[in-house]
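Worksheet for the structure shown next.
Here the structure is a predicted model, which means the values were calculated and not measured. Read the numbers this way: they start at 1 and go in the same order the structure lists the ligands and their atoms. Along the sequence shown, residues are numbered consecutively beginning with 1.
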Amino acid sequence: MNAFPQTIHFIGSNTPRRLEISVRDLEVEGTIPAEIDGAFFRAVPDNAHAPMFEDDIALNADGMIARFNIENGAVDFDIRYVETERYLAEKQARRALFGRYRNPFTDDPSVAGKDRTVANTTPVWHAGRLFMTKEDGRAYEINPHTLATRRKWDYYGALKSETFTAHPRVDPITGELFFFGYEAGGLCSLDIAYGIADAEGNLVSEQWFRQPYCATIHDFVITQKYAIWPIFPTTADLDRLKSGGAHWAHQQELESWLAIMPRYGSVEEMKWIKGPPGVSVFHEVNAYDDGDLVHIDLCLTDTNAFSFMREAGGIERDQQSLQGALTRWTIDMSKADPEIVERPLGPPGDLPRLADIDQGRPYNRAWYLSMNPQGGPPMPGGPVGVNFNALMRIEPGNGRLSVMGVPPGAALSEPAHVPSSDPAHGGWLLMVVDIPNGPPGVPSPDYSSELWVVEADEVEKGPVARVRTGLALRSQVHGAWVGRTKLDASKLK
Ligand SMILES: [Fe+2]
């Protein structure tokens with residue numbers, strides 16, 4: 001059997017496409033500014049085979065690396081599978097061999113012990129190399145010019161952690177990459193590895209510590225002084241996995257935590273600060289030092305945003321009933337026992353983006369995606385089953401908000417920011433917009449994917465250029481912009 005289930009994880013913009021293709025000179029409406037010169041890499045989960053189980057989820061799909069290459073106003077598109085150990089084993093067998101999301105006890109016995117990661121979450125550029133990452137395994141290195149998979153990345157054998165986050169943070173001034181891995185010592189272990197790679201891409205530090213429970217730690221933040229892990233009570237359990245159950249279950253009664261240490265310090269210096277119970281965050285926008293204060297800006301919800309993680313924890317909540325806000329947590333590090341002071345910054349949403357130069361520093365603007373109730377019914381699809389339909393630009397200092405909508409029923413993917421060399425210009429955003437060809441809100445595989453180019457500081461004006469792919473692309477997770485100078489200096493040619 002090689003047929004896909006007709007669940008929310010395989011319909012709408014989650015319809016499997018499975019095409020490894022290249023298209024040159026896409027149709028461009030409007031003019032792409034000449035300064036936009038480089039590649040927009042995108043991580044797209046897309047099953048190479050129908051899943052072993054009917055209740056499979058979009059996050060379990062094979063990673064594809066997609067690229068819009070933009071040069072002199074012309075755009076080429078390419079997409080290829082990341083050739084993970086898992087992808088290659090299944091390609092040879094011509095069927096799925098790996099079972100439920102992050103549960104090796106549901107795999108075909110022929111793949112026991114094989115690496116399960118699908119490298120489907122974030123393209124990461126550091127020190128002249130492109131990686132595809134997913135937090136349940138190590139990164140895979142990709143040739144940025146051919147999109148061929150080169151190898152699994154372990155820092156020339158130096159990395160001890162079995163896992164590598166899909167959300168490392170690069171300091172824009174030092175060029176260092178700060179990263180972590182949770183379940184670093186194996187499935188359901190409490191071990192967290194904290195690593196630093198220098199600007200040349202060498203692993204210069206790896207320290208391990210333990211978290212209070214085995215939580216999914218999807219993202220973390222740095223400031224100029226600190227490394228900070230916000231930890232939320234969505235937990236793994238080995239016995240549940242052994243019985244074939246879900247990796248993650250949200251615990252509504254359990255407290256959250258902030259773990260904070262000097263970013264160049266020792267894990268022995270870690271402070272643990274208790275946070276509110278039951279809340280959930282997958283992405284932080286940014287964090288920065290303000291004297292002794294540390295501000296951490298998060299996309300906070302009152303419970304887990306993924307229905308399958310709520311259901312596994314016995315939580316019955318409709319997706320529409322979730323409450324949340326873009327939220328600032330502030331702590332005073334001059335105190336022996338700092339406490340979290342919380343205040344809302346903006347409307348709920350997720351998939352936040354920052355200009356690279358603002359990472360870990362005071363910042364005056366960011367972008368994220370949200371739902372516009374006036375925008376008509378959203379397109380079904382994406383990792384949580386419902387797509388975003390509004391792009392927000394927020395000034396966190398004063399709460400000033402501007403919004404870009406999309407055509408009725410259209411879906412927005414996470415934008416990437418392209419800086420301008422003109423300090424007076426705020427740069428641009430690139431993002432894929434899926435526009436239904438039929439009535440809005442209907443889970444149809446029939447839509448047209450476009451790449452929109454938007455002035456980053458004038459999002460309310462809408463796109464300055466629309467690039468038509470002529471394709472319906474499967475929902476992306478995260479993306480990354482890499483300018484031409486960096487691409488030309490890549491380690492792989
Ligand atoms: Fe993420």
Side-chain angles (χ1 to χ4, degrees), residues 9 13-14 40-46 57-61 63-66 82 101-102 117-126 131-140 163-170 177-183 192 215-222 228-232 234 247-248 250 279-287 296-301 304-309 324 326-327 348-354 356 359 366-370 381-388 391-392 411-417 431-432 474-481:
H9 296 279
S13 67
N14 285 337
F40 177 24
F41 293 104
R42 302 163 59 244
V44 179
D46 199 345
I57 59 172
L59 294 177
N60 201 26
M64 298 192 83
I65 174 79
V82 183
Y101 176 68
R102 297 178 70 172
T117 194
V118 282
N120 69 2
T121 310
T122 311
V124 172
W125 184 272
H126 185 242
F131 304 101
M132 278 287 277
T133 58
K134 185 181 183 73
E135 65 200 43
D136 67 347
R138 289 176 173 172
Y140 274 82
T163 61
F164 186 95
T165 177
H167 289 286
R169 301 264 175 179
V170 176
L177 177 128
F178 297 83
F179 70 92
F180 68 98
Y182 71 88
E183 298 188 43
I192 300 176
T216 169
I217 310 178
H218 185 65
D219 193 1
F220 88 136
V221 274
I222 56 165
I228 306 158
W229 291 262
I231 296 172
F232 301 94
T234 300
H247 195 110
W248 297 122
H250 193 64
V279 296
S280 179
V281 169
F282 282 91
H283 299 110
E284 287 87 39
V285 185
N286 198 11
I296 304 150
D297 297 345
L298 335 94
C299 300
L300 189 81
T301 47
N304 194 301
F306 287 95
S307 60
F308 64 89
M309 297 187 195
L326 186 66
T327 300
D350 208 331
L351 300 174
R353 290 311 298 242
L354 193 66
D356 288 344
Q359 187 69 254
W367 303 269
Y368 65 109
L369 302 184
S370 190
V384 301
V386 184
N387 283 292
F388 290 112
L391 169 72
M392 323 287 266
L412 270 171
S413 294
E414 181 188 86
H417 179 254
M431 74 208 78
V432 170
R474 204 183 198 204
S475 285
Q476 109 188 27
V477 187
H478 298 294
W481 170 255

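The six-membered or imidazole ring of Phe306 lies near that of Phe282, with a centre-to-centre distance under 6.0 Å.
In plain terms, the two heavy atoms of Met132 and Met64 that are nearest each other are CE-O, 3.3 Å. When every heavy atom of Leu391 is checked against every heavy atom of Leu369, the shortest pair comes out as CD1-CD2, 3.8 Å.
Every residue two or more places apart in sequence or in another chain was checked for a ring pair (Phe, Tyr, Trp, His ring centres under 6.0 Å) with Phe40, and none qualifies.
Exactly one of Tyr368, Trp367, Trp481 qualifies for a ring-ring contact (aromatic ring centres under 6.0 Å, His included) with His417. That residue is Trp367.
With hydrogens and angles left out, the side-chain atoms of His247 and Glu183 include a donor and acceptor closer than 3.5 Å.
Within the protein, the N, O or S atoms lying under 2.8 Å from the Fe ion (ligand 1) are His167 NE2, His218 NE2, His283 NE2, His478 NE2.
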